[in-house]
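Written out below as structure tokens is the structure these notes cover.
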Protein chains: 2
Amino acid sequence: MAFEEEQKIFDSFVRDKGLKHSGQRKDILLTFLKTEKHLTADELHALVKKKNPAVGIATVYRTLRLLCECRLSSELRLGNGAVRYEHFYGHEHHDHLICVKCGNFIEVMDPEIEKLQERLAKKEDFRLQGHKLLMYGVCRKCKQ
Amino acid sequence: MAFEEEQKIFDSFVRDKGLKHSGQRKDILLTFLKTEKHLTADELHALVKKKNPAVGIATVYRTLRLLCECRLSSELRLGNGAVRYEHFYGHEHHDHLICVKCGNFIEVMDPEIEKLQERLAKKEDFRLQGHKLLMYGVCRKCKQ
DNA sequence: ATTAATTATGATAACGATTATCAGTTTCAA
DNA sequence: TTGAAACTGATAATCGTTATCATAATTAAT
């Protein structure tokens with residue numbers, strides 16, 4: 001089974017927090033890692049149930065919270081609707097270009113924008129920890 | 001009474017859409033315009049009721065939607081919790097620096113960042129319509 | 001002014017996403 | 001092996017928001 005690194009991160013996190021291990025959490029973690037899509041809790045729950053039908057939605061939410069805490073995942077809020085969870089560990093930071101017509105989005109990155117944000121934060125005496133940049137528009141396909 | 005311009009915008013919008021005028025909507029509009037804060041629907045409802053106790057929360061939501069449609073207001077989603085509504089007409093575009101400790105935020109603006117976003121969108125063949133940039137960090141006060 | 005068509009309203013039910021509760025189960029260190 | 005503590009699934013509760021519906025208000029045409 002792959003994802004040794006991610007599993008090690010999760011196991012250390014769980015141990016350090018004084019929590020206990022469980023098969024459900026392992027199933028959820030591996031299912032999450034196996035898909036590269038930005039899933040909602042519900043969507044992930046549906047996938048996990050294929051492997052382990054007994055897993056409840058509450059445990060999926062609880063585990064996703066842990067995954068975010070140990071930085072294996074991060075929340076993605078694109079306007080309204082359910083929160084989506086994306087991979088975080090081992091993934092470059094990126095922002096999102098979201099098509100207002102079809103709802104699809106692509107990931108983009110610009111180091112200069114990041115630098116300017118730092119400059120902006122410094123000017124206001126903020127210690128910057130992170131950001132979310134959502135750009136809305138019409139994608140190539142939908143423009144036609 | 002002030003806010004003639006904004007009222008004119010709203011009245012034209014209502015007329016052009018084939019809607020009708022109502023006292024409740026006028027109360028909600030004026031209460032919204034009078035405060036510069038980024039209110040939630042609930043908070044605005046509480047203020048409106050001081051002037052007109054009969055106004056219901058549903059009408060506040062309905063009116064806020066109209067205000068966004070005619071660009072007098074725009075939605076502000078800062079992480080979880082309720083949507084906040086900010087003034088849009090006559091206000092420069094800006095982004096937000098949000099303190100993760102105290103929850104306060106300040107408005108900032110950097111034309112260079114805007115330009116770089118345009119460049120990024122063009123590279124991906126997106127027709128950019130708008131964006132939300134949320135920067136999270138620790139503000140001056142909370143750093144101490 | 002009267003009417004008739006249409007929109008607006010407030011109360012509240014319904015909704016979707018998420019969190020809290022709780023009784024029973026599992027983990028794990030001693 | 002045991003006992004304290006964490007974990008679980010089911011589901012009730014919560015929160016913000018939208019839909020429904022019967023009644024009221026607005027408007028344009030008479």
Side-chain angles (χ1 to χ4, degrees), chain A residues 7 10-29 31-32 38-70 73-85 103, chain B residues 10-32 38-70 73-85 103:
Chain A
Q7 287 195 69
F10 187 63
D11 287 351
S12 311
F13 174 76
V14 164
R15 204 175 322 111
D16 294 352
K17 246 201 150 188
L19 307 179
K20 296 177 176 173
H21 292 280
S22 87
Q24 289 93 326
R25 291 213 277 232
K26 190 169 182 182
D27 290 340
I28 293 166
L29 171 60
T31 305
F32 171 76
H38 304 66
L39 300 174
T40 63
D42 246 351
E43 289 164 355
L44 180 56
H45 184 215
L47 290 178
V48 171
K49 279 202 289 189
K50 289 186 189 170
K51 175 181 292 188
N52 183 347
V55 173
I57 184 69
T59 299
V60 173
Y61 274 105
R62 289 186 279 236
T63 304
L64 281 170
R65 173 177 296 176
L66 295 177
L67 295 186
C68 289
E69 282 180 36
C70 72
S73 177
S74 85
E75 295 187 346
L76 183 55
R77 297 171 190 269
L78 307 174
N80 51 4
V83 171
R84 295 189 169 274
Y85 294 85
Chain B
F10 187 64
D11 287 350
S12 310
F13 173 77
V14 164
R15 204 175 322 110
D16 293 351
K17 247 201 148 189
L19 306 180
K20 296 174 177 177
H21 292 280
S22 87
Q24 289 93 324
R25 291 213 277 232
K26 189 169 183 181
D27 289 340
I28 293 166
L29 172 60
L30 289 175
T31 306
F32 171 76
H38 303 67
L39 300 174
T40 63
D42 247 351
E43 289 164 355
L44 181 56
H45 185 214
L47 290 177
V48 170
K49 279 202 291 190
K50 288 185 188 171
K51 175 181 292 189
N52 183 348
V55 173
I57 184 68
T59 299
V60 172
Y61 274 105
R62 289 186 279 237
T63 303
L64 280 170
R65 172 176 298 177
L66 295 177
L67 295 186
C68 289
E69 282 180 37
C70 72
S73 177
S74 83
E75 295 188 347
L76 183 55
R77 297 171 192 268
L78 307 174
N80 53 3
V83 172
R84 295 189 168 274
Y85 294 85

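Numbered from 1 within each chain, the chains take letters A, B, ... in sequence-line order.
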Is a donor on one side and an acceptor on the other found under 3.5 Å between the side chain of A/Arg25 and the backbone of A/Lys20?
yes

Without swapping roles, check the side chain of A/His45 against the backbone of A/Val55 for a donor-acceptor pair under 3.5 Å.
yes

Nucleotide of C/dA17, D/dT8, C/dA20 approaching A/Thr59 most closely (side-chain heavy atoms)
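That would be D/dT8.
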
From C-beta outward on B/Leu19, which listed nucleotide comes closest to its side chain: C/dA8, C/dT18, D/dA10?
C/dA8

Nearest-Å distance for atom pair [atom1]/[atom2], residues [X] and [N]:
X       : N      : atom1 : atom2 : answer
B/His45 : C/dA11 : NE2   : C1'   : 11 Å
B/Ile57 : C/dA8  : CD1   : P     : 18 Å
B/Glu75 : D/dG16 : CD    : P     : 15 Å
A/Leu64 : C/dA17 : CG    : C1'   : 13 Å
B/Glu43 : D/dC15 : CD    : C1'   : 14 Å
A/Leu66 : D/dC7  : CG    : P     : 8 Å
B/His21 : D/dA24 : NE2   : C1'   : 18 Å

Below 4.5 Å, heavy atoms only, C-beta onward: do A/Leu66 and A/Phe10 meet side chain to side chain?
yes

Is there side-chain contact between B/Asp11 and B/Arg15, with at least one heavy-atom pair below 4.5 Å?
yes

Does [X] place a side-chain N or O at less than 4.0 Å from the phosphate oxygens OP1/OP2 of [N]?
X       : N      : result
B/Arg65 : D/dT18 : yes
B/Gln24 : C/dA8  : no
B/Ser22 : C/dT7  : no
A/Arg62 : C/dT19 : no
B/Tyr61 : D/dT17 : yes
A/Arg25 : D/dA6  : no

Position toward the 5' end of DNA chain D (nearest nucleotide), B/Lys20 or B/Asp42
B/Asp42

Quick test of your reading of the model: are B/Arg84 and B/Glu43 salt-bridged, counting only N-O distances below 4.0 Å?
yes

Let me know, please, whether B/Gly18 or B/Asn52 comes out on the 5' side of the other along DNA chain C by nearest nucleotide.
B/Gly18

